[in-house]
There are 2 protein chains.
Amino acid sequence: MSQGHTDVTVQAGPLDHICPLNELLDRISGKWAIGILTLVGDRGPIRFTELERGVRGISRRMLTLTLRNLERDGLLVRTVHPTVPPKVEYSLTPEARELAAILADLTDWALRHRPQVARARAEYDARAQAERER
Amino acid sequence: MSQGHTDVTVQAGPLDHICPLNELLDRISGKWAIGILTLVGDRGPIRFTELERGVRGISRRMLTLTLRNLERDGLLVRTVHPTVPPKVEYSLTPEARELAAILADLTDWALRHRPQVARARAEYDARAQAERER
DNA sequence: CGGGATCCGTGAAGATACTG
DNA sequence: CAGTATCTTCACGGATCCCG
């Protein structure tokens with residue numbers, strides 16, 4: 001599964017900080033991109049306000065910015081219906097649908113391992129605390 | 001690694017819907033976590049300096065910080081060999097191995113779609129430019 | 001309704017120097 | 001070798017107001 005994928009080390013060309021890992025990170029990092037992609041994937045074509053309600057805690061500004069970036073990268077399609085009041089819908093491009101599937105796996109992983117991670121964190125903090133008191 | 005606290009209500013209620021998505025993001029966001037997990041997964045037990053060379057562009061400080069966070073979350077195991085000079089090796093925990101497989105899929109996606117994303121970005125920027133000049 | 005513009009705080013990340 | 005310690009910078013993201 002993790003067989004054929006690329007080497008992170010990429011044999012030392014001086015230009016190789018163009019590593020695709022960082023490009024990927026620029027795409028899905030930020031607090032909101034994954035959540036938005038997931039939601040758009042689940043709810044099909046979805047309106048701005050629906051997204052705003054669906055992604056808990058996001059501000060109008062960050063929703064707009066994240067949508068623009070995803071659109072710019074060719075992951076989202078923005079469709080404007082010239083009605084009044086305006087109606088704008090967002091949907092995934094085919095490539096983004098592939099990505100959304102992987103992100104679903106990620107979310108699944110997070111769900112399954114949530115308790116273990118919480119426990120590990122508590123133990124680590126407890127040990128760190130104990131050492132500080134020695 | 002979330003910054004400005006969205007600070008959800010302290011009360012436990014129906015509004016307490018803190019989806020695991022954000023927890024996941026805290027875990028793998030940051031510029032370096034994915035790269036490190038991938039590299040540790042590929043190279044098995046790996047030493048600090050090897051990581052420093054393998055992850056291009058990372059500073060000593062950020063490597064340390066990211067390693068500590070991953071260890072704290074129970075994704076990495078840090079093994080100290082009390083030799084001289086010191087030797088420290090990092091390896092994945094079983095849960096992290098699952099995660100690394102998914103991250104490999106992600107990296108794969110990034111590789112496969114790199115050209116399309118670049119093209120989409122160029123087109124978007126061109127259109128934006130054209131509009132600004134109208 | 002679906003944004004854009006602006007101001008601002010804060011944490012992520014860089015640079016540099018030192019250490020057991 | 002494998003880290004700490006400090007200082008600084010920067011851009012992410014929140015809050016607020018405005019607009020077609």
A.B. asks: Does A:Arg61 put a side-chain nitrogen or oxygen below 4.0 Å from OP1 or OP2 of D:dC17?
C.D. replies: no
A.B. asks: Using atom CE of A:Met62 as one end and atom C1' of D:dT16 as the other, report the distance to the nearest whole Å.
C.D. replies: 16 Å
A.B. asks: Verify the contact: side-chain N or O of B:Thr64 to OP1 or OP2 of D:dA2, cut-off strictly under 4.0 Å; return yes or no.
C.D. replies: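 Checking B:Thr64 against D:dA2: no side-chain N or O falls below 4.0 Å of OP1 or OP2.
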A.B. asks: At under 4.0 Å, does any side-chain N or O of B:Arg60 touch on OP1 or OP2 of D:dC1?
C.D. replies: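 Checking D:dC1 against B:Arg60, no side-chain N or O comes under 4.0 Å of OP1 or OP2.
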A.B. asks: Whole Å only: how far is the CG atom of A:Leu25 from the P atom of D:dA11?
C.D. replies: 17 Å
A.B. asks: If the condition is side chain to side chain donor-acceptor pair (under 3.5 Å), which residues does A:Asp26 pass it with, not counting sequence neighbours?
C.D. replies: none
A.B. asks: Please pick, from C:dG2, C:dG3, D:dG14, the nucleotide with the shortest atom-to-atom distance to any side-chain atom of A:Ser59.
C.D. replies: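 Of the options given, the side chain of A:Ser59 lies nearest D:dG14.
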A.B. asks: For B:Ile34 and B:Thr38, which heavy atoms make the closest approach, and how far apart are they?
C.D. replies: O-OG1, 2.7 Å
A.B. asks: With sequence neighbours left out, what residues match B:Arg119 under side chain to side chain donor-acceptor pair (under 3.5 Å)?
C.D. replies: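 B:Arg119 satisfies side chain to side chain donor-acceptor pair (under 3.5 Å) with no residue once adjacent residues are dropped.
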A.B. asks: Please give me every residue in residues 82-89 of chain B whose heavy atoms get under 4.0 Å of an atom in DNA chain D, ordered by residue number.
C.D. replies: B:Pro85, B:Pro86, B:Lys87, B:Val88
A.B. asks: Say whether, by atom type as modelled, one donor and one acceptor occur between the side chain of A:Thr66 and the main chain of A:Ala33 under 3.5 angstrom.
C.D. replies: no
A.B. asks: Looking at B:Arg53, does any N or O in its side chain come under 4.0 Å of the phosphate oxygens OP1/OP2 on D:dC1?
C.D. replies: no
A.B. asks: Checking side-chain contact (heavy atoms from CB on, under 4.5 Å) for the pair B:Trp32/B:Leu65: CA distance, chi angles, key distance, verdict?
C.D. replies: CA-CA 10 Å; B:Trp32 309 111; B:Leu65 283 180; over 6 Å; no
A.B. asks: Roughly, in whole Å, what's the span from CD in B:Glu52 to C1' in D:dT4?
C.D. replies: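 That distance rounds to 14 Å.
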A.B. asks: Quick one: A:Asp26 CG to D:dC12 C1', roughly how many Å, whole number?
C.D. replies: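 After rounding, the reported distance stands at 13 Å.
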A.B. asks: Taking salt bridge (Lys or Arg N to Asp or Glu O under 4.0 Å) as the cut-off, I'd like each qualifying pair that reaches into residues 74-98 of chain B, sequence neighbours left out, listed once.
C.D. replies: A:Arg112-B:Glu98
A.B. asks: Under the side chain to side chain donor-acceptor pair (under 3.5 Å) rule, what pairs show up with a residue in residues 39-54 of chain A, not counting sequence neighbours?
C.D. replies: A:Glu52-A:Arg60
A.B. asks: Under a 3.5 Å distance rule, please check whether B:Thr93 uses its side chain to pair with a backbone N or O of B:Gly74 as donor and acceptor.
C.D. replies: yes
A.B. asks: Take atom CG of B:Leu63 and atom P of C:dA15, then tell me their distance rounded to the nearest Å.
C.D. replies: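 The answer, rounded to whole Å, is 15 Å.
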A.B. asks: Where the side chain of A:Trp32 is concerned, which of D:dG14, C:dG14, D:dC1 is the nearest nucleotide?
C.D. replies: D:dG14
A.B. asks: Let me know the distance between CZ of A:Arg47 and C1' of C:dG3, rounded to the nearest Å.
C.D. replies: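 Whole-Å distance recorded here is 13 Å.
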A.B. asks: Let me test you: for the helix from C:dC1-D:dG20 to C:dG20-D:dC1, what is the angle between the axes at its two ends (five pairs each), rounded to 10 degrees?
C.D. replies: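 So the angle between the two local helix axes works out to 60°.
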A.B. asks: Checking A:Val77 against A:Leu92 for the side-chain contact (heavy atoms from CB on, under 4.5 Å) test, could you report, in this order, the C-alpha distance in whole Å, the side-chain angles of both residues, the deciding distance, and whether it holds?
C.D. replies: CA-CA 6 Å; A:Val77 181; A:Leu92 297 188; over 6 Å; no
A.B. asks: Quick one: A:Phe48 CZ to C:dG3 P, roughly how many Å, whole number?
C.D. replies: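 Whole-Å distance recorded here is 5 Å.
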A.B. asks: Once you round it to whole Å, what is the distance between C1' of C:dG2 and CD of A:Glu71?
C.D. replies: 13 Å
